[in-house]
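One structure below.
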Amino acid sequence: MNPIEQKKLLMDVSPGSAMHELMRCFWLPVCLTRDVAEPDGDPMRIRVLGNDYLVFRDSEGRLGILDELCTHRSASLCLGRNEEGGLRCLYHGWKFAVDGTVLDTPNVRDERFKQRVRQPAYGVREAGGIVWGYFGRPEAEPTLPHYPFFDLPAENVIVELVVASANYTRVVEGLLDSSHTGVLHQDALKKLDTGNGPALTLGGRTRASTGAVLAKNLAPDIEVQETDFGLRYAAIRTVDNEDGTETRAARITSYAFPTTIFVPPDYLMQITLPVDNDRSHFFMIFWDPVRQIGVGEARDEVRAYYGIDDIGMDKWGLGREFHDLPGRPAKENNWGQDRETMRNGSFTGMHRFIPEDFGVSASMGPMELYPIEHLVPADLAIARFRRRLIDNAQRVARREAPLGLNAKQQPRGDYLVLEGGRSWKDHFGTSEIMKQSIAGDL
């Protein structure tokens, strides 16, 4: 398989593709619980892996995910009436339960007909402020992974959903790219380093405690470790201490199939939902076992730091309701970049962090563009991610079970100071490391 064929296999999530089939094997986040909070509320259209569905909550509070188009004559059920225990199509009045059962067919006299027809319905769960959907074979439905924030009060958790006009790989690979942080995000890191920005405390650790290290060493040593959930990697940097000595620090990021990333600080998880080939929904989950970061000033602090505040959602087009409005970041306006602010000291001329990431990701162009890349040792984790995901898609194509379901190891992000010759892998009780190999991995 040549590089272009590999990139197409990796990036194409349209129905019938190998990656589409792999993604369907996993529970995927489809929307926020607050999107469909009320019984008998408006049905909500969702697009997942190039297909259109809807989510609705019935009179008793049960959630359902159905194909958007009515199984009778293909009218959109998003136009339907959600009432009295089901969703009624406006066209001919057919009514469906959350599991796709046909409850009423006003234009069909035969009562037995309802038993022979169903609206396509899919697995659905809600946990941690997120609605999860499963679109694979019902008999192969896996257990929904149990994440730490599921067990915390809502006040200790922040869940936000933002939009990127980019293939899912662009988003995931940005999270696996430790070397870009000190360049693209240097404006925010400088504010942290001087104490002029929000402290952003999660789990007792401030972002300032690790941000300076990222900014001062842009070419970390990368070591990758394959796991049953996917992989983890360490970006290892030398830290200059105030007393003139040096220590080594490892910033550890975990990737779990198919699109979940755990990055430092430890209480941050990010999931990318492939909407279609050139659009992604990005779920950002922050939690703190002790501190109530989901309310008040603490919540505002986290949202502002990552650029997912009200300014980011509206002006910078991160919010679903704003993303496609006129004047939002796009190629035509250079993704909202302000050159005047750059002349006055800003490095990017953009709102910080997520708007910067998404601007760069969107600038890479549509999936059909496969430019020649020149990967370097700092890109080793990206190369290994691509290989792992392609191999997993090929497993499913061979009718084998995908890797990553019911993993025994727990993915997590971490930041370690490696003292006395200690290796970061000792922290995880394993020693198997994928060595750097330009020829083999890049």
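Considering only residues two or more places apart in sequence or on other chains, Asp177 meets the side-chain contact (heavy atoms from CB on, under 4.5 Å) condition with Ser179, His180, Ile382. Partners of Asn334 according to the side-chain contact (heavy atoms from CB on, under 4.5 Å) rule, which considers only residues two or more places apart in sequence or in another chain, are Gln337, Arg339.
Of the N and O atoms on the side chains of Glu68 and Ser76, at least one donor lies less than 3.5 Å from an acceptor on the other residue. Glu356 and His185 share a donor-acceptor pair across their side chains, judged by distance under 3.5 Å alone.
Salt bridge Glu368/Lys7: absent, no basic N to carboxylate O contact under 4.0 Å. Comment: Arg24 engages Glu21 in a salt bridge, judged by a side-chain N to carboxylate O separation of less than 4.0 angstrom. A salt bridge between Glu373 and Arg386 is present, with a side-chain N of the basic residue lying under 4.0 Å from a carboxylate O of the acidic one.
Relative orientation of the Phe150 and Trp132 rings is perpendicular, given thresholds of 30° and 60° on the angle between their planes.
Aromatic pair Tyr306/Phe286: centroids less than 6.0 angstrom apart. Phe282 has its ring centre less than 6.0 Å from the ring centre of Phe358. If you look at Tyr53 and Tyr122, their ring centroids are closer than 6.0 Å.
A distance of 10.5 Å separates CD1 of Ile261 from CG of Leu268, quoted to the nearest 0.5 Å.
In plain terms, the two heavy atoms of Tyr168 and Leu10 that are nearest each other are OH-O, 2.5 Å. Across Asn392 and Pro402, no two heavy atoms sit closer than the pair OD1-CA, 3.4 Å.
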>> For a salt bridge (Lys or Arg N to Asp or Glu O under 4.0 Å) check, start with the C-alpha distance between Glu160 and Arg299, then their side-chain angles and the critical distance, and finish with the verdict.
In response: CA-CA 11 Å; Glu160 292 288 357; Arg299 181 175 184 271; 2.9 Å; yes

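Within the 4.5 Å cutoff, no side-chain heavy atoms of Trp424 are placed close to those of Asp426.
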